[in-house]
J.: 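Dropping a structure here in structure tokens format, bear with me for questions.
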Amino acid sequence: MTDLFAGLADIRPSREVMADGAVLLRGIFAATEADLIADLRAIVKQAPFRHMVTPSGHTMSVAMTNCGSKGWVTDIGGYRYDAIDPVSGQPWPAMPPSFGDLAQRAAEQGGFKGFAPQACLINRYVPGAKMSLHQDKDELDLGAPIVSVSLGLPATFLFGRLSRSDKPQKFRLEHGDIAVWGGPARLAFHGVAPLAEGEHPIMGRQRINLTFRKVM
Ligand code: MD6
Ligand code: FE
């Protein structure tokens with residue numbers, strides 16, 4: 001470990017309940033951080049971030065890529081999981097152990113044992129980018145949770161319960177924070193407020209979010 005990572009060892013593990021079925025974990029990430037960031041850089045070289053288009057024709061402000069045996073894609077034809085990266089025509093990069101192990105460990109702390117995700121959607125936000133309120137419902141197995149790891153600049157996560165019209169609660173997500181989402185919260189509406197300007201000491205002027213899903 002380099003000095004760059006020294007500060008993170010000071011974050012004590014904590015667990016905050018966001019709602020029934022949803023927890024926010026802090027401080028469980030430090031030991032795997034250097035490997036995870038190195039693996040992330042290799043994935044992005046092989047499958048670069050790109051701005052996908054929604055079925056309604058809107059280009060997303062968040063840039064995306066994937067790793068794992070399936071990747072989440074959207075285009076004018078709809079949302080789906082696909083084994084092939086439509087940009088390269090090749091399979092998505094494999095999910096590295098530094099990713100899969102962290103996701104499984106986090107899921108277990110969130111109360112979901114044996115989480116084995118096939119897909120990791122990687123979102124990149126630059127200042128101003130946002131994610132509108134949505135439900136994650138393109139997965140066949142809604143019994144499995146979603147594990148979401150935040151890296152880089154802090155964001156305001158909006159958590160909107162089970163109906164789009166319920167006023168969302170706000171949670172600050174910082175570098176290394178992990179949200180675990182399942183059970184009664186699995187179909188809650190959620191989103192990310194426009195990212196504020198900033199420069200993160202390790203990740204630079206961006207936020208990266210890894211969301212792990214069991215697809216099938
Ligand atoms: C993000 N996250 O944090 C977007 N979905 O950048 C999500 O859309 C999300 O964080 C399901 C569960 C957790 C999440
Ligand atoms: Fe989502």
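Below, all heavy atoms of this structure are taken into account, side chains as well, without hydrogens, waters or symmetry copies. For ligands, and for the atoms within them, numbers begin at 1 and follow the listed sequence.
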J.: Are any side-chain N or O atoms of Trp92 and backbone N or O atoms of Asp82, one a donor and one an acceptor, separated by less than 3.5 Å?
T.: yes
J.: If Ile, Leu, Val, Met, Phe, Trp and Tyr residues are connected whenever their side-chain heavy atoms lie under 4.5 Å apart, and connections chain through other members, are Val149 and Met18 in the same group?
T.: no
J.: Is Arg80 close to Val73 at the side-chain level, that is, under 4.5 Å between some pair of heavy atoms?
T.: yes
J.: Quick check: Thr211 and ligand 1, any N/O pair under 3.5 Å apart?
T.: no
J.: For the Fe ion (ligand 2), find the closest N/O/S atom belonging to Asp136 and write down its atom name.
T.: OD1
J.: Considering non-hydrogen atoms of the protein only, which is the closest contact for atom 2 (N) of ligand 1, and what is the distance?
T.: Asn209 OD1, 3.7 Å
J.: I need the minimum non-hydrogen distance between Ala119 and Val215, along with the two atoms involved.
T.: CB-CG2, 3.5 Å
J.: As an exercise, identify every atom of ligand 1 less than 4.0 angstrom from a heavy atom of Val192.
T.: 1 (C), 3 (O), 4 (C), 6 (O)
J.: Which ligand 1 atoms are under 4.0 Å away from a heavy-atom of His190?
T.: 5 (N), 7 (C), 8 (O), 9 (C), 11 (C)
J.: May I ask you to list the atoms of ligand 1 that are less than 4.0 angstrom from any heavy atom of Ser148?
T.: 10 (O), 13 (C), 14 (C)
J.: Given the rule in the side chain to side chain contact (heavy atoms under 4.5 Å, CB included) test, do Lys70 and Met216 qualify, once you have shown the distances and angles that lead to the verdict?
T.: CA-CA 10 Å; Lys70 294 276 183 168; Met216 291 167 285; 4.1 Å; yes
J.: Looking only at protein heavy atoms, which one is nearest to atom 3 (O) of ligand 1, and how far off is it?
T.: Arg207 NH2, 3.0 Å
J.: Given Phe157, which partner from the list Trp181, Phe189, Phe171 fulfils the ring-ring contact (aromatic ring centres under 6.0 Å, His included) test?
T.: Trp181
J.: Nearest 0.5 Å, please: how far is NE2 in His200 from NE2 in His175?
T.: 4.5 Å
J.: Tell me the protein heavy atom at minimum distance from atom 11 (C) of ligand 1, and give that distance in Å.
T.: Asp136 OD2, 2.9 Å
J.: How far is atom 4 (C) of ligand 1 from the closest protein heavy atom, and which atom is that?
T.: Tyr125 OH, 3.4 Å
J.: Relative to the heavy atoms of His134, which atoms of ligand 1 are at a distance of less than 4.0 Å?
T.: 8 (O)
